[in-house]
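The structure appears below as C-alpha cells.
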Amino acid sequence: MKALLPILLLTCVSLTAVFAKGGPPINDVCPVDGKAARVIYRIFEEKGPVIFCCATCLDTYRKNPNRFTVKPKAEK
Ligand SMILES: [Zn+2]
C-alpha cells in the first residue's frame, strides 16, 4: 500500500506539468516570417505557448528569440 503513494504523487506532478504547458497559443501568426502558424510547431515561453508555421522557423526563433517579436492574437 505504501508503494502506491509515490506513484500517485508522480501522476499528480505530471498532470500539473501538462496543464501548465497546455492552453491556447498566444499568437496565430509565425513570428519569424509572418505566415499562418500551426499548433504542431510550438515552444513554451514564459508568456505562453508560441506557435510557428514550420519547424525551420521554430528553430530559427529558438536560437535567437530576442530577434523576433511575437505578435499576440487579437482578443475577441
Ligand atoms: Zn514561419
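Quick caveat, the model's predicted, so the values are computed rather than measured. Order of listing sets the numbers, starting from 1, for every ligand and every atom in it.
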What I'd like to find out is whether the side chain of Val70 reaches to under 4.5 Å of the side chain of Pro31, using heavy atoms alone.
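A side-chain contact exists here, since the closest heavy-atom pair is under 4.5 Å.
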Cut-off 3.5 Å, no hydrogens considered: what does the side-chain donor-acceptor table look like for residues 48-65, sequence neighbours left out?
from	atom 1	to	atom 2	distance (Å)
Asp59	OD1	Arg62	NH2	3.1
Thr60	OG1	Thr56	O	2.7
Tyr61	OH	Glu45	OE2	2.7

I need the SG(Cys53)-the Zn ion (ligand 1)-SG(Cys30) angle, rounded to 10 degrees.
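Roughly 120°, rounded to 10°.
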What about Val32 and Ile40, same hydrophobic cluster or not, with Ile/Leu/Val/Met/Phe/Trp/Tyr joined at side-chain heavy-atom distances under 4.5 Å?
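Val32 clusters together with Ile40.
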Can you tell me if Cys57 has an N, O or S atom under 2.8 Å away from the Zn ion (ligand 1)?
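Checking the Zn ion (ligand 1) against Cys57, an N, O or S atom does fall under 2.8 Å.
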With carbon and hydrogen excluded and only N/O/S kept, which atom of Asp33 is nearest the Zn ion (ligand 1)?
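Nearest N/O/S atom: OD1.
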Can you give me the closest heavy-atom contact between Pro24 and Lys73, atom names plus distance?
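Reported closest heavy-atom pair: CB-NZ, 4.4 Å.
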